[in-house]
Amino acid sequence: MKAVHAVIAVKSLGLAKSRLSEGLPAKHRPRLVLAMLSDTVTATVSTPAVASVTVVTPDPVVAELVRDLGAVVHPEPEADPAHTSGLNAALAAGAAAVRHAHGPVDLLALQADLPALRPAELCDMLTSTGHHRSVVADHEGSGTVALLVRGGSAALNPLFGPDSARRHIADGAVELLGDWPGLRQDVDTAADLERAAALGVGKATGVLLREIGVSQACQGTEDLRRAGSSLC
């Protein structure tokens, strides 16, 4: 199986996760974004089938963090009035940069808020499909947590946003139905965060949640993550 190059987009920390405002004080939200991103990137770079991880961001704090984790940083493109989603423009720019650096490679667009992601899940997802374009819906079945594009000539064409799973499928992506709870559990609300903690989050998110008292469900999850890892 050919290696995949992953792309993740992260907005400025001050703009992130506004939907968590009812369950989490504003002072903790940037820290949570960084912690979840850290665990997402750590799991992704630890997956043997992933050749590189590129993070597109305008935020210098985010850039410093992910570089230390082994990711490449690409600057966020300037806003384009013709595009309604800055996330999609950022992912497309990251994908273009990856192919400029590595040639016609396979691409994986991932959400940045997957604190319960395990390398074994990501490995299983990547090896479970030979489709040219595949999508993994979130735990609610409407959003997208991962978009996989095989074949170096196929554009990423990300369509993230409301009801994005349906829109990706309409654009030709095959929905993957595997049992990957950590991969599917993105975090937009306080209830999402509790569900992720119950699944077992990564080290960075677990430390933060214990510190701020959001959940006690994240004890010892790094050992579970390592035990669940597999090669692909």
Side-chain angles (χ1 to χ4, degrees), residues 1-13 16 30-77 87 90-127 136 145-150 152 156 158 180 182-183 185-187 196 200-208 218 221-232:
M1 183 191 69
K2 292 173 63 178
V4 172
H5 294 255
V7 181
I8 298 170
V10 184
K11 63 180 71 174
S12 295
L13 290 175
R31 299 176 63 201
L32 177 63
V33 171
L34 284 176
M36 294 193 299
L37 174 64
S38 175
D39 290 330
T40 302
V41 171
T42 297
T44 307
V45 300
S46 300
T47 304
V50 176
S52 73
V53 177
T54 297
V55 176
V56 183
T57 184
D59 197 296
V61 176
V62 171
E64 181 179 6
L65 170 73
V66 298
R67 283 195 186 102
D68 288 343
L69 296 174
V72 175
V73 175
H74 186 75
E76 184 178 70
L87 172 62
L91 289 170
V98 167
R99 284 188 170 160
H100 180 75
H102 299 282
V105 295
D106 295 348
L107 298 170
L108 171 68
L110 273 180
Q111 291 283 30
D113 55 349
L114 305 175
L117 177 64
R118 287 169 170 75
E121 288 185 342
L122 190 54
C123 176
D124 186 57
M125 185 273 284
L126 292 173
T127 57
V136 179
V145 293
L147 175 66
L148 175 62
V149 177
R150 299 282 191 189
L156 183 63
W180 308 305
L183 173 60
Q185 187 59 65
D186 56 346
V187 175
V201 294
K203 181 178 180 180
T205 307
V207 168
L208 178 60
C218 47
T221 56
E222 186 63 16
D223 290 339
L224 291 174
R225 181 181 305 275
R226 290 171 179 164
S229 297
S230 65
L231 297 179
C232 54

Does any non-hydrogen side-chain atom of [Y] lie less than 4.5 Å from one of [X]?
X    : Y    : result
P119 : V50  : no
M36  : V10  : no
D59  : K11  : no
L147 : L156 : yes
L107 : R99  : yes
L32  : T205 : yes
L65  : S38  : yes

Heavy-atom closest contact ([X] atom, [Y] atom, distance):
X    : Y    : value
S46  : P48  : O-CD, 3.4 Å
A196 : A116 : O-CB, 4.0 Å
H5   : S52  : ND1-OG, 2.7 Å
T54  : V98  : OG1-CG2, 3.4 Å
A112 : T40  : O-OG1, 3.1 Å
A3   : D106 : O-CB, 4.0 Å

Measure the [atom1]-[atom2] distance between [X] and [Y] for me, rounded to the nearest 0.5 Å.
X    : Y    : atom1 : atom2 : answer
L108 : T44  : CG    : OG1   : 7.5 Å
R118 : T42  : CZ    : OG1   : 13.5 Å
L126 : E121 : CG    : CD    : 11.5 Å
L110 : L91  : CG    : CG    : 9.5 Å
D39  : L114 : CG    : CG    : 10.0 Å
L183 : C123 : CG    : SG    : 12.0 Å

Pair R31-L13, side chain to side chain contact (heavy atoms under 4.5 Å, CB included): steps then yes or no: CA-CA 8 Å; R31 299 176 63 201; L13 290 175; over 6 Å; no
List the steps, then state whether side chain to side chain contact (heavy atoms under 4.5 Å, CB included) holds for V66 with L37. CA-CA 8 Å; V66 298; L37 174 64; 3.7 Å; yes
Worked verdict on Q111 versus V136 for side chain to side chain contact (heavy atoms under 4.5 Å, CB included): CA-CA 11 Å; Q111 291 283 30; V136 179; over 6 Å; no
Would you mind telling me which of I8, T57, V33 makes a side chain to side chain contact (heavy atoms under 4.5 Å, CB included) with V62?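 The side chain to side chain contact (heavy atoms under 4.5 Å, CB included) with V62 is passed solely by T57 among I8, T57, V33.
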